[in-house]
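Let me begin by presenting the structure, written as structure tokens, before commenting on it.
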Amino acid sequence: MLVMGSMIGSGIFIVSADMMRNLGSGYWMIIVWVITGIMTVAAAISYGELSSLFPKAGGQYTYLTEIFGKKMGFLYGWGLFTVIQTGTIAAVAMAFGKFTAYLVPELNNAAPIFQSGTFQITWIQILAIAVIILLTYINTRGVESGKILQNVFTGSKIVALLGLIALGFILVDASHLAENFSFGTNSFNNLKQDAKGIFLQSGWEPISGMTLMGGIAAAMVGSVFSSVAWESVTFVSGEIENPKKNVVKAMILGTSAVMLLYIAVNFVYINALDRDSIAFAANDRVAVAASQNIFGSAGTVIIAVLVMVSTFGCNNGLILAGARVFQTMAKDGLFFKSAVNNNKNQVPGNALWMQGVWASILCLSGQYGNLLDMISFVIVLFYMITVFGVIYLRIKQPNLERPYKTWLYPVTPIVYLLIGTAFCVLLLIYKQQYTWPGFLIVLLGLPVYYLINRNKKAE
């Protein structure tokens with residue numbers, strides 16, 4: 001439930017619009033989701049070996065620290081706190097707010113609480129912060145509170161998604177499946193934009209070769225963003241029964257189930273909508289457009305409620321898990337000392353509040369969306385370093401007792417590394433706005449790391 005709940009947030013309801021704009025073909029859109037699925041499950045299978053070797057709290061931070069040293073671990077933890085975990089929490093909370101505004105139009109229509117130039121604070125941002133504070137508070141009440149909430153909300157959204165998938169084929173009057181697949185292996189792009197940057201509904205032109213490769217990489221930014229956070233379960237290894245077995249099972253079963261759900265949901269979009277309706281869905285809300293075709297006027301309400309349930313449960317998982325990493329870092333002397341101790345409910349209360357406050361500030365800044373565009377590259381980079389760690393440890397310490405060994409080793413980690421490398425290289429060539437800013441945010445952690453260590457030596 002933690003793996004699936006942390007993965008399924010708002011992405012699956014939105015990113016397919018941008019993916020279709022980059023590819024112009026239902027065939028290629030499904031291929032990109034399949035590639036992302038193979039990549040995600042291959043990473044989870046590889047992480048399984050590390051989770052059985054290092055079954056304590058901290059997960060990916062612990063693996064990177066144990067294999068490559070404190071500096072690498074800190075850079076990951078720094079990226080996690082500044083952008084990856086907190087930026088995702090902010091974005092998911094804002095998605096909750098925006099879809100709530102679908103049901104409560106007054107939220108959308110209300111004047112900003114504060115405005116100075118382009119910067120503004122709206123009631124949607126305040127609602128997003130209220131959700132973060134509420135979920136942080138619930139999680140400070142003990143791990144049981146967070147677990148119950150996670151199970152209820154994740155169970156609800158899985159059932160709702162399965163219903164959407166089934167009814168997406170039963171209730172649609174006119175199927176667009178054949179039409180969307182009629183382009184075959186042809187892909188289209190070269191869309192023109194107006195002065196405001198809005199895509200114009202004309203100008204689909206065939207693309208192939210390296211242009212198509214660039215389109216695939218750009219489309220994968222969306223599918224990768226929708227498929228991350230499964231590693232959150234490794235952050236709470238210290239609080240899971242028999243972590244050497246159960247963390248592995250959770251990661252592999254959870255990622256596999258979510259990727260199958262995602263592919264099925266995209267088949268629903270391709271069945272319910274034509275190419276232009278997917279690519280140019282209002283505010284990229286493909287799920288809303290598809291749902292209106294399936295359920296009529298009630299479709300908007302159905303999807304708004306589903307996204308609210310989905311994002312609420314997703315944020316609970318992210319908030320519950322992330323704080324455990326920052327507590328582990330504090331124990332290693334690489335984060336605020338006050339994050340070390342558990343509260344009276346035996347959970348890292350201070351770390352939870354630090355994470356919640358920073359995520360709330362990101363909500364107010366309005367920059368979380370830009371930040372998230374930048375970090376898909378960085379997230380995949382850290383996944384690649386961690387997956388490489390499996391191979392590195394096999395070579396350096398072949399005699400370590402491994403309760404779980406990566407299935408199909410070395411093929412599985414190599415498959416991930418090849419796809420990940422292709423994704424990162426293509427982004428560096430074709431979509432640099434998605435790469436350098438996120439990379440620089442992580443590199444800013446280096447002077448912080450040296451400052452912390454200098455202070456330690458001075459002590």
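Below, each value reflects all heavy atoms present in this structure, side chains not excepted, and no hydrogens, waters or symmetry copies. Everything numeric in this text was worked out from a predicted model, so none of it was measured.
Applying the ring pair (Phe, Tyr, Trp, His ring centres under 6.0 Å) rule to Phe377 yields no partners; only residues at least two apart in sequence or on another chain are considered. With sequence neighbours excluded, the residues that form a side chain to side chain donor-acceptor pair (under 3.5 Å) with Arg402 are Glu49. With sequence neighbours left out, the salt bridge (Lys or Arg N to Asp or Glu O under 4.0 Å) criterion links Lys56 to Glu66.
Ring orientation note: the planes of Tyr449 and Phe74 are tilted relative to one another, at an angle of 30° to 60°. Ring geometry for Phe68 against Tyr392 counts as tilted: the plane angle lies between 30° and 60°, on a 0 to 90° scale.
For the pair Arg394 and Tyr409, the distance from NZ or CZ to the six-membered ring centre is under 6.0 Å and the angle to the ring normal is within 45 degrees.
Side-chain polar atoms of Ser338 and Asn350 form no donor-acceptor pair below 3.5 angstrom.
Surrounding NZ of Lys70 are more than 12 heavy atoms belonging to other residues, nucleotides or ligands, all under 6.0 Å away. Within a 6.0 Å sphere centred on OH of Tyr404, heavy atoms belonging to other residues, nucleotides or ligands number more than 12. Environment of CH2 in Trp353: crowded, with over 12 heavy atoms of neighbouring residues, nucleotides or ligands closer than 6.0 Å. Surrounding CZ of Phe439 are at most 12 heavy atoms belonging to other residues, nucleotides or ligands under 6.0 Å away.
Summarising the geometry, atom SG belonging to Cys314 is positioned 10.5 Å from atom CG belonging to Leu135; distances are rounded to the nearest 0.5 Å.
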Stepwise side-chain contact (heavy atoms from CB on, under 4.5 Å) test for Ile67 and Thr386: CA-CA 9 Å; Ile67 301 166; Thr386 311; 5.9 Å; no
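Aromatic pair Trp358/Phe326: centroids not less than 6.0 angstrom apart. Aromatic pair Tyr76/Tyr61: centroids not less than 6.0 angstrom apart.
No side-chain heavy atom of Ser310 sits less than 4.5 Å from a side-chain heavy atom of Phe99. Counting only heavy atoms from C-beta outward, the side chains of Leu53 and Tyr63 never approach each other to under 4.5 Å.
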